[in-house]
**Student:** 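This structure is in structure tokens; I'll ask about it shortly.
Quick caveat, the model's predicted, so the values are computed rather than measured. When reading the values below, keep in mind they use all heavy atoms of this one structure, side chains included, and skip hydrogens, waters and symmetry mates.
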Amino acid sequence: MIVAIDGPAGTGKSSTSKAVAAQLGLSYLDTGAQYRAITWWMVNNGIDIDDPAAIAAAAGKPEIVSGTDPEGPTITVDGVDVSAPIRTQEVSSKVSAVSAVPEVRARITELQRSIAASAQSGIVVEGRDIGTTVLPDADLKIFLTASPEARAARRSGELKGADVHSTREALIKRDAADSSRKTSPLAKADDAVEVDTTELTLAQVIECVVTLVEEKRAGK
């Protein structure tokens, strides 16, 4: 059972995906963390983020390993645990530029497909282009949405003390960058089930997705 969960930042993708995977005994993959990890590596190694050719040339160098236990997902780069440093504002502000480079997407997409293929009990994979590009044959595709205001409130809650207005502006800017890039843009797959999380609690979103997965399983 392969479940693809896509959507913009702040819709509850990570929290929902982890909880659903844990509840249903599936593996879990946060693909955004992989793009953050390669961005962190680029920044740490002095690669010019404004130079797509430099990013492309370095795309194959870092070794990125993702642990897929939903109770404690891990991510390392060249053996170093980067789960905390990849969440900094510096990485957040640069990840769209790095992930727009086709060589980076090709490298990370290949990694994601191999992880999904080796998940024996099934997997929940969350990101922005899973249902459209990475795993177009996923058993179930879900696209989470929410109003910019709701997403900003959630994200600024995660980023303690963050200003909601500036967070909202940053989210809209990132959406625009991710939706307009030439390679694998953020988009809803034609056969995805859309779930608007604006008025829902996290528990309600999880319940909704679990129900969708169970219905799909029963019909397989």
**Student:** Are V195 and L26 co-members of a hydrophobic cluster defined by side-chain heavy atoms under 4.5 Å apart?
**Tutor:** yes
**Student:** Any non-hydrogen side-chain atom of P148 less than 4.5 Å from a side-chain atom of L171?
**Tutor:** no
**Student:** Carefully, step by step, assess R36 and I75 under the rule side chain to side chain contact (heavy atoms under 4.5 Å, CB included).
**Tutor:** CA-CA 10 Å; R36 286 174 171 273; I75 185 152; over 6 Å; no
**Student:** Report yes or no: does S15 contribute a side-chain atom to a donor-acceptor pair with the main-chain N or O of G12 at less than 3.5 Å?
**Tutor:** no
**Student:** What are the two closest heavy atoms between I64 and I38, and how far apart are they?
**Tutor:** CD1-CB, 3.9 Å
**Student:** For R151, is there an ion pair with D196 - N to carboxylate O distance below 4.0 angstrom?
**Tutor:** no
**Student:** Starting at OG1 of T39, measure out to NZ of K94 and round the result to the nearest 0.5 Å.
**Tutor:** 10.0 Å
**Student:** Counting heavy atoms not belonging to E110, are there more than 12 under 6.0 Å from its CD?
**Tutor:** no
**Student:** Is there a side-chain contact between S121 and S27 in this structure, where contact means two heavy atoms from C-beta onward sitting under 4.5 Å apart?
**Tutor:** yes
**Student:** Does K173 come within less than 4.0 Å of E169, counting only side-chain N to carboxylate O?
**Tutor:** no
**Student:** I need the minimum non-hydrogen distance between T167 and A152, along with the two atoms involved.
**Tutor:** CG2-O, 3.8 Å
**Student:** Determine whether more than 12 heavy atoms belonging to other residues, nucleotides or ligands lie under 6.0 Å from atom CD of E207.
**Tutor:** no
**Student:** Rounded at 0.5 Å granularity, tell me how far CG in L144 sits from OG1 in T11.
**Tutor:** 4.5 Å
**Student:** Enter the distance from I49:CD1 to S93:OG here, rounded to the nearest 0.5 Å.
**Tutor:** 9.0 Å
**Student:** Any idea which heavy atoms bring G127 and T31 closest together, and the distance?
**Tutor:** CA-OG1, 3.2 Å
**Student:** Are the side chains of V210 and I206 in touch, meaning some heavy atoms are under 4.5 Å apart?
**Tutor:** yes
**Student:** Walk me through it: do R168 and S147 pass the test side-chain hydrogen bond (donor to acceptor under 3.5 Å, both in side chains)?
**Tutor:** CA-CA 10 Å; R168 179 179 179 274; S147 70; over 6 Å; no
**Student:** Check whether T197 reaches the backbone of T145 with its side chain - one donor and one acceptor, N or O, closer than 3.5 Å.
**Tutor:** yes
**Student:** What heavy-atom pair brings K18 and P70 nearest, and what distance separates the two atoms?
**Tutor:** O-CB, 3.5 Å
**Student:** Closer than 3.5 angstrom, by distance alone: can the side chain of E214 be matched with the main-chain N or O of T211 as a donor-acceptor pair?
**Tutor:** no
**Student:** State whether the side chain of T16 and the backbone N or O of K13 hold a donor-acceptor pair below 3.5 Å, judged by distance alone.
**Tutor:** no
**Student:** Could you check if a side-chain atom of V91 sits within less than 4.5 angstrom of a side-chain atom of R87, using non-hydrogen atoms only?
**Tutor:** no
**Student:** Indicate yes or no: at least one non-hydrogen side-chain atom of L111 is less than 4.5 angstrom from one of R113.
**Tutor:** no
**Student:** Quick check: closest heavy atoms across G131 and A4, and the distance to 0.1 Å?
**Tutor:** N-CB, 3.9 Å
**Student:** Who pairs with D48 by side-chain hydrogen bond (donor to acceptor under 3.5 Å, both in side chains), at least two apart in sequence or on another chain?
**Tutor:** none
**Student:** Any idea which heavy atoms bring I5 and S17 closest together, and the distance?
**Tutor:** CD1-OG, 3.5 Å
**Student:** Will you find, in the side chains of T76 and D81, an N or O donor that is under 3.5 Å from an N or O acceptor?
**Tutor:** no
**Student:** May I ask you to decide if P185's main-chain N or O and R128's side chain share a donor-acceptor pair within less than 3.5 Å?
**Tutor:** no
**Student:** As a quick check of understanding, evaluate salt bridge (charged side-chain N to carboxylate O under 4.0 Å, His left out) for K216 and D139, giving each step before the final call.
**Tutor:** CA-CA 8 Å; K216 195 73 180 179; D139 299 293; over 6 Å; no
**Student:** Donor-acceptor pair, S118 side chain versus I115 backbone, under 3.5 Å?
**Tutor:** yes
**Student:** Do NZ/NE/NH1/NH2 and the carboxylate oxygens of D191 and K141 come within less than 4.0 Å?
**Tutor:** yes
**Student:** Is there side-chain contact between N45 and K61, with at least one heavy-atom pair below 4.5 Å?
**Tutor:** no
**Student:** Using a strict cut-off of less than 4.0 Å between a Lys/Arg side-chain nitrogen and an Asp/Glu carboxylate oxygen, indicate whether D129 and R105 qualify as a salt bridge.
**Tutor:** yes
**Student:** Tell me yes or no: between the side chains of Y28 and E126, is some donor less than 3.5 Å from an acceptor?
**Tutor:** yes
**Student:** For R107, which residues count as a side-chain hydrogen bond (donor to acceptor under 3.5 Å, both in side chains) partner, sequence neighbours excluded?
**Tutor:** none
**Student:** Are the side chains of F143 and I130 in contact, using a 4.5 Å heavy-atom criterion?
**Tutor:** no
**Student:** So if you build clusters from Ile, Leu, Val, Met, Phe, Trp, Tyr with side-chain heavy-atom gaps below 4.5 Å, do V95 and I172 land together?
**Tutor:** no
